[in-house]
Amino acid sequence: MEPGELAVDVGNLTINQNKNSINEPQDSNIKAVTSGDTPYTSASTFEELNLSPELLKGVYVEMKFEKPSKIQAISLPMILNPPFKDLIAQAHNGSGKTTCFTLGMLSRVDPKLKAPQALCICPTRELAIQNLEVLRKMGKYTGITSECGVPMDHIPIHQRPPIMAQVVIGTLGTIKSWMSAKKLGVSFLKILVFDEADHMLAEDGFKGESLYIMENIKKLCSHCQVLLFSATFNDIVKNFTSMVVNDDHNQLFIKKEELSLESVKQYKVNVPDELAKVMVVKDRIFEFGERVGQTIIFVRTRNSATMLHRSLADLGYDCTTIQGALRQEDRDKIVKEFKDGLTQVLISTDLLARGFDQQQVNLVINYDLPVKHDNRTTPDCEVYLHRIGRAGRFGCKRAVFNLLCGETDNMIMSKIESHFGTKVAEVPDWRSEDDFKAALRSAGLL
DNA sequence: ATGATCT
């Protein structure tokens, strides 16, 4: 902590949950570090935030929110009030981060100025589209214009008119190309958001590209508020974030011990070979899965996504698969079908590991464990947390099955367990229907 | 040899 900064333990503030989030993880120990002597009062109602009547209507009528969640109560006064300091905020999956920066963007836009004033950068096309849908819903009565910056049509960038929308939400690559083609003016930007910020700033993530955008904007904008949001910030990224925000910024972090996985029932299943993995998926997941809601199966590579999908399809099991090599239209179609509940089981690479919000998902399968890309024997604990965060965003039922094959997998799994300080129960026999039933029952799913 | 974004 910098000298002069004030650490406030806001752990005992009243928790005001959104009506519709039954099992919102308790952000019980958010550590707030506010810089300087700017006082902030936690907002117990949305009225206190001085939102426009149109925006407030969107919050209540469209979003059906009642009161700010914990992260919203603490972060929104920091985001919405002068001097509009930069913010680094960590909060649990499903705790309402999107609402924080969406309200931030919508309320800082000057409706009369028809130019990009808020920009949100996301790691994937799917997340950008999802975030834009939330923003349009929340901002329905404001008349604020928005545009999705993802590769969509086949019109070359140079044949496009300049972007006029007041809020732009998009993926890194598209935003970057729009900027270098001078189609996205940033002179009037007031607020810049990085969703899944730790990944956006990670060395093995999108660090270089993010810095390009950041520097480009800072050259043309004297004062643009920067918000960094994620459920995870490892120590390396955490240290680096101070390089991209103003020295005089606010921070909200969750204690590592508090980032617990308690609300998810985790299991490990030892299998002898890959065929056994496929058999577990078809005999257990398909048998029980449909009864307990939707399922996402995470695999490591695009190729194994395709292979698993083919194996299951050959056996007559109905599921879909998504990965970055598919055509954009196909990706959109598969996500839409899944969100509409038309498909029950979706196989995915880590494309959907972060941020993807589908409340009916109650089961997550780690067909392959999440590992570092430069070292396949090292677990990627951040990705693990994000993957299991896809399950049970609504209601209190959720389970994760980790399929382990061989010594290395067991070693990786035990490293994940010790990293989070949790013990993952083992399903004794992968062939036993009763063992799976017992596991699902214990998770509250049967 | 491998996830994610663009030109």
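Side chains are part of it too, since the values below use all heavy atoms of this structure and drop only hydrogens, waters and symmetry mates. All chains are named by letter (A, B, ...) in the order of the sequence lines, taking the proteins before the strands, and each is independently numbered beginning at 1.
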task: With sequence neighbours excluded, give me every side chain to side chain donor-acceptor pair (under 3.5 Å) pair touching residues 174-183 of chain A.
output: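 Counting only pairs at least two positions apart or across chains, the side chain to side chain donor-acceptor pair (under 3.5 Å) contacts touching residues 174-183 of chain A are Thr171(A)-Thr174(A).
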
query: Is there any side chain to side chain donor-acceptor pair (under 3.5 Å) pair reaching into residues 271-289 of chain A, and which pairs are they, with sequence neighbours excluded?
result: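 Checked against side chain to side chain donor-acceptor pair (under 3.5 Å) - neighbours excluded - the pairs reaching residues 271-289 of chain A are Lys277(A)-Asp368(A).
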
query: If you draw a 6.0 Å radius around CD in Glu407(A), do more than 12 non-hydrogen atoms from other residues or ligands fall strictly inside?
result: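 No, because the 6.0 Å sphere around CD of Glu407(A) holds 12 heavy atoms or fewer from other groups.
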
query: When you look at CG of Asp318(A), are more than 12 heavy atoms from neighbouring residues, nucleotides or ligands closer to it than 6.0 Å?
result: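 No, because the 6.0 Å sphere around CG of Asp318(A) holds 12 heavy atoms or fewer from other groups.
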
query: Would Tyr384(A) and Gln266(A) count as having a side-chain donor-acceptor pair, cut-off 3.5 Å?
result: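 Side chains of Tyr384(A) and Gln266(A): pair found under 3.5 Å.
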
task: Establish, from distance only, whether the side-chain atoms of Gln90(A) and Lys97(A) form a donor-acceptor pair under 3.5 Å.
output: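 Their side chains do not contain a donor-acceptor pair, so the 3.5 Å distance test is not met.
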
Members of residues 199-217 of chain A that approach DNA chain B, where some heavy atom sits under 4.0 Å away: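 His199(A), Asp204(A), Gly205(A), Phe206(A), Glu209(A) - these, ordered by number, are the residues of the stretch whose heavy atoms sit under 4.0 Å from the strand.
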
message: Below 4.0 Å from chain A heavy atoms, what is the first contacting nucleotide of DNA chain B and what is the last?
response: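 Answer, 5' to 3': dT2(B) to dT7(B).
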
task: Under the salt bridge (Lys or Arg N to Asp or Glu O under 4.0 Å) rule, collect the residues that match up with Glu337(A), sequence neighbours excluded.
output: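 Here the qualifying residues are Lys333(A).
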
message: Under 4.0 Å, counting only non-hydrogen atoms across every strand here, what does Arg125(A) touch: a base, just sugar-phosphate, or nothing?
response: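 Sugar-phosphate, backbone atoms only, no base.
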
task: Provide the full list of salt bridge (charged side-chain N to carboxylate O under 4.0 Å, His left out) pairs with a residue in residues 213-228 of chain A, sequence neighbours left out, each pair given once.
output: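 Checked against salt bridge (charged side-chain N to carboxylate O under 4.0 Å, His left out) - neighbours excluded - no pair reaches residues 213-228 of chain A.
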
